[in-house]
Amino acid sequence: MDLTGPDGADPSGTVHRCSLDAPGHDHTIDDRLLERLHTALDAAEADPRCRVLLLTSAPGVFSTGMSLVAAADAPASDTEAGGAFYDLLTRFTRAPLIVVAAVDGKVAGGGVGLTAAADLTLATPRSTFALPEALWGLLPCCVLPFLTRRVGFQKAYAMALTTWPLDAAGAAGCGLVDELTDSLPDAVRRLAFRTARLRTSTLGSMKRYAGELWPMGERSRAAAVDELTRLMALPDVRDSLTAYAEHRRFPWETRPTNR
């Protein structure tokens, strides 16, 4: 995304950009992406000029969430992935800077968690947001606490329960998207100009205070990780993930019944 010129740089240093894309990456959330996001947060917090960490991705797809292939290969008792993802989303809500998701396309699963935990989400009209986990016998365990915080219980619950996607207008209507725009760079430039006048100490105070108004502590984390671990250990879920990883078969293509 070009912020100010042909090289995409922001000479003021107000905005640090982190792309969710990487060579060979397929828009899923894995350990490598979590590490890159933490590294980006470290760099942004260490720069006294920075006010915004901007999350971007290639046009068409922002993030499709958890890698189903990696999930199939992980031990059924593994709790680390869920806990690590929850901790990253928590850090988004606490870092003394404005985390912005710039979305131009499809967002699914854990990608919705990234946008929900971000302080602001900017999106183009072609963007969509969906929680398809129930189709696999799973639940968006780590996403729901942050999504509920942002859009309210019923909308978050309905998205998880039905798996129906929200279009960009629907996402803006419920508060998942803060600004719909045909030009993400223009929206980012306006934000950068405004936030350059703010102190990082003020941003940190605002996010700390907001966290006290809507606390999500260890109890929420434990509930999310425990439920995800339980579901990932179910034989039907393991079979569905393995069938997809090995043969690219979806659960509804092989499962004779929904019971």
Side-chain angles (χ1 to χ4, degrees), residues 10 12-18 34 37-56 62-63 82-103 107 110-123 129 140-157 159-160 171-181 184 187-225:
D10 173 20
S12 73
T14 302
V15 178
H16 278 221
R17 174 185 167 187
C18 180
L34 297 185
L37 287 169
H38 278 295
T39 299
L41 282 162
D42 290 341
E45 290 186 50
D47 187 343
R49 302 170 301 167
C50 182
R51 300 296 184 272
V52 174
L53 175 64
L54 179 67
L55 309 182
T56 67
F62 181 76
S63 173
F85 183 54
Y86 191 99
D87 291 342
L88 174 71
L89 299 185
T90 299
R91 189 175 178 191
F92 280 4
T93 68
R94 295 177 179 176
L97 46 84
I98 301 175
V99 179
V100 177
V103 177
V107 188
V112 174
L114 296 176
T115 62
D119 298 299
L120 296 172
T121 294
L122 314 175
F129 302 79
C141 300
C142 295
V143 173
L144 273 176
F146 298 90
L147 184 61
T148 302
R149 179 181 188 243
R150 181 180 260 269
V151 305
F153 174 82
Q154 181 56 32
K155 178 54 69 174
Y157 176 66
M159 286 182 67
C174 72
L176 181 54
V177 167
D178 296 285
E179 181 180 346
L180 273 183
T181 176
L184 289 171
V188 172
R189 276 192 287 268
R190 289 194 300 271
L191 180 64
F193 178 78
R194 190 73 181 183
T195 57
R197 304 176 179 183
L198 301 175
R199 297 179 180 179
T200 54
S201 59
T202 303
L203 297 177
S205 295
M206 181 67 235
K207 295 180 76 167
R208 176 190 54 77
Y209 178 55
E212 292 177 356
L213 295 176
W214 192 287
M216 291 193 300
E218 285 301 313
R219 184 175 178 180
S220 295
R221 183 187 189 278
V225 173

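When reading the values below, keep in mind they use all heavy atoms of this one structure, side chains included, and skip hydrogens, waters and symmetry mates.
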For this session: In sequence, state the C-alpha distance, the side-chain angles, and the governing distance for Val112 and Phe146, and then conclude on side chain to side chain contact (heavy atoms under 4.5 Å, CB included).
Result: CA-CA 9 Å; Val112 174; Phe146 298 90; over 6 Å; no

Are the side chain of [X] and the backbone N or O of [Y] linked by a donor-acceptor pair below 3.5 Å?
X	Y	answer
Thr121	Thr115	yes
Lys207	Ile98	no
Arg51	Leu191	no
Thr93	Thr90	yes
Arg17	Leu54	no
Asp178	Leu122	no

[X] versus [Y], closest heavy-atom pair with distance:
X	Y	answer
Gly13	Asp47	O-OD2, 4.3 Å
His16	Cys50	CD2-SG, 3.5 Å
Ala160	Leu144	CB-CD2, 4.2 Å
Phe129	Met159	O-CE, 3.9 Å
Ala44	Leu97	CB-CD2, 3.5 Å
Ala95	Leu41	CB-CD2, 4.1 Å

Calculate, to the nearest 0.5 Å, the distance between atoms [atom1] and [atom2] belonging to [X] and [Y] respectively.
X	Y	atom1	atom2	answer
Thr148	Met216	OG1	CE	9.0 Å
Leu34	Asp87	CG	CG	9.5 Å
Leu198	Thr14	CG	OG1	10.0 Å
Phe62	Leu55	CZ	CG	5.0 Å
Glu179	Leu184	CD	CG	9.0 Å
Leu88	His38	CG	NE2	4.5 Å

Problem set entry | Ser220 side chain near Tyr86 side chain, heavy-atom distance below 4.5 Å | yes

Exercise. Should Val99 and Leu114 count as side-chain neighbours, where that means a heavy-atom distance under 4.5 Å?
Worked result: no

Exercise. Given Asp42 and Arg91, is the salt bridge (charged side-chain N to carboxylate O under 4.0 Å, His left out) satisfied, shown in steps?
Worked result: CA-CA 11 Å; Asp42 290 341; Arg91 189 175 178 191; 2.6 Å; yes

Seminar exercise, completed: For Glu218, the side chain to side chain donor-acceptor pair (under 3.5 Å) test, sequence neighbours excluded, returns none

